[in-house]
Every structure is written in C-alpha cells, then in structure tokens.
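Chain naming here is simple, since letters A, B, ... match the order of the sequence lines and numbering starts at 1 in each. Note: hydrogens, waters and symmetry copies are ignored here, and every other heavy atom, side chains too, is used.
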Amino acid sequence: GENVEQHPSTLSVQEGDSAVIKCTYSDSASNYFPWYKQELGKRPQLIIDIRSNVGEKKDQRIAVTLNKTAKHFSLHITETQPEDSAVYFCAARLGISSGSARQLTFGSGTQLTVLP
Amino acid sequence: GAVVSQHPSRVICKSGTSVKIECRSLDFQATTMFWYRQFPKKSLMLMATSNEGSKATYEQGVEKDKFLINHASLTLSTLTVTSAHPEDSSFYICSARDFSGAAMNTEAFFGQGTRLTVV
C-alpha cells in the first residue's frame, strides 16, 4: 500500500516568514495530493490540493509543488500569520486504475507555530 | 463544498458499554465513507472503508467485531464501538467524497469528529 512520510514534525516561524513542509510518497500510482489544516479538536480542512498532471499550484499565500519523478510534494506558506498556526497533514491517494476504494493515506502531520 | 455531519461530537461512556457514532452526507450521496481514528498529536489512521449495501473493509489490525460499521443508505454510515474500554478512547472521524461531478478525483470532506472517552 501507499506510505506517506512528512517532515518536519514541528515547525516554528516568525510572523511574516515562509514555512515549508515536505512529504514523500511511495506508490507511483498515486495521483492526488491534498493538504489539510487541522486545528485542535476540529475536523481537517482542505487548504489546497494538486493532481499528478500539474507540477505547481498556488492559491494566494499557499502553494504546493509536486515532483513525480522523486515522488515528493511540498506545501509553501508565505507571509505567515498567527492564525496559520495549526497541524498540517499531507495525503496521497491512488489513481482510479488501482481498483481500490482509493482512500487517503496521511502523513504524520506538522505542528506549525507562527510566532507574533 | 459538500457537508459531512458527524454525531455526537463528544461522548463519555462507561467501560463495557457500546457507543454508536453517525456520519451523514447532507447534500450528496456517498457510496463510500471512511472511518479514521486519531490519537492526540498523531495522524489520522484509516480504520475501515464503509460501503453502502455491503460489508465494510477493515484495515489490518482493526477488529471488525469490536468496531461495527453499517452503511445502510447512501447518506448514512454508523460506527459502533462495542464493549468499549479505556484504550478505545480516541478521536474518531469520518470522511466521504462526492462522486456526482464529472471529475473522478474529488476532495474528501470530513465530519466534525467524535471525541470518545471511556471511563
């Protein structure tokens, strides 16, 4: 099955600085890579996603890059703000040809703290 | 976006009792729903895949007789923790995807989660 590794586990940045979180995946058949933000005790919220036919996607201060050859993808948050503080999870999902229900496999999470 | 509603959000039960958690897709039909368990400061671990009208598919190491899943309709899946023990205390969360659109790869929407405490 798919295995997703995420680094770092914790990340502290000063307000206004950028934050980068990296993930690697093991199964080359994965073709969908979402990023979720989870605040304490709440449900994960999708913040951005990327499909395997795209190398980069940007939405305001958030961007995701994907390197299919190396099987890694990264989340970039620029101009960080205190409200960006949360746990961020990357995930990967196999493509339709895999024949499975195609559940998400999550990374271990990154606790991001933005210091004012 | 699509809405997934999960209830209850918090439950405290006595050891040995059973607890039922509901997961509903409010504005779309979900033939497949997923149940996750999340320990404090840990990632979401898939427990089982719930399939409407058929048996759930459990992940390795998950006891199907302890975590009963029923997906009787296209909008409702339930997870029953039977004979709960303190070690079952955790955050349980469901998710579903809306396959009605043209794109096959759609985002997963999560329920609010259920904080289960077994005393």
- Item | Residue-level interface, residues 39-48 of chain B with chain A, non-hydrogen cut-off under 4.5 Å | B:K42, B:S43, B:L44, B:L46
- Query: Taking everything shown except B:R10 itself, do over 12 heavy atoms lie less than 6.0 Å from its CZ?
  - Reply: no
Let me have the donor-acceptor pairs involving side chains of residues 81-88 of chain B, under 3.5 Å, with sequence neighbours excluded, atom names and distances please.
unit_1: B:T82; atom_1: OG1; unit_2: B:D65; atom_2: O; d: 3.2
unit_1: B:T82; atom_1: OG1; unit_2: B:K66; atom_2: O; d: 3.1
unit_1: B:H85; atom_1: ND1; unit_2: B:S83; atom_2: O; d: 2.9
unit_1: B:D88; atom_1: OD2; unit_2: B:K66; atom_2: NZ; d: 2.9
unit_1: B:D88; atom_1: OD2; unit_2: B:H85; atom_2: N; d: 2.8

- Query: Do B:I69 and B:L76 belong to the same hydrophobic cluster, where Ile, Leu, Val, Met, Phe, Trp and Tyr are linked whenever their side-chain heavy atoms lie under 4.5 Å apart, directly or via other members?
  - Reply: no
- Message: Rounded at 0.5 Å granularity, tell me how far CZ in A:R43 sits from OH in B:Y36.
- Response: 15.0 Å
- For B:E59, is it the side chain, the backbone, both, or neither that has a heavy atom closer than 4.5 Å to a heavy atom of chain A? side chain
- Near B:I12 CD1, under 6.0 Å, is it more than 12 heavy atoms from other residues, nucleotides or ligands? no
- Note on the structure: Residues at least two apart in sequence or cross-chain that pass ring pair (Phe, Tyr, Trp, His ring centres under 6.0 Å) with A:F33, listed by chain then number, are A:Y25, A:F73
- Query: Between A:L75 and A:V13, is there a shared hydrophobic cluster once you connect ILVMFWY residues whose side-chain heavy atoms come closer than 4.5 Å?
  - Reply: yes
- For residues 7-59 of chain A, pull every pair meeting disulfide bond (SG atoms under 2.5 Å apart), keeping only residues two or more places apart or in separate chains. A:C23-A:C90
- Query: Can B:Q38 and A:F89 be said to form a side-chain contact (heavy atoms from CB on, under 4.5 Å), step by step?
  - Reply: CA-CA 12 Å; B:Q38 187 177 31; A:F89 291 100; 3.5 Å; yes
- Hey, which of A:P44, A:S108, A:S9 has the most heavy atom pairs under 4.5 Å with chain B? A:P44
- Item | Path from A:L94 to A:V4 over hydrophobic side-chain contacts below 4.5 Å | no
- Rounded to the nearest 0.5 Å, what's the gap from CZ on B:F110 to CG on A:L46? Could you check? 9.0 Å
- Message: When you group the ILVMFWY residues by side-chain heavy-atom contacts below 4.5 Å and let the links chain together, are B:F28 and B:M33 in the same group?
- Response: no
- Task: Find out if a path of hydrophobic residues (ILVMFWY) with successive side-chain heavy-atom gaps under 4.5 Å connects A:V87 to A:L104.
- Result: yes
- Which portion of B:F91 sits near chain A, non-hydrogen atoms under 4.5 angstrom: side chain
- Note on the structure: Whatever's closer than 4.5 Å to a heavy atom in chain B on A:Q38 counts as side chain
- Choice from A:G109, A:P34, A:G107 maximising heavy atom contacts with chain B below 4.5 Å: A:G107
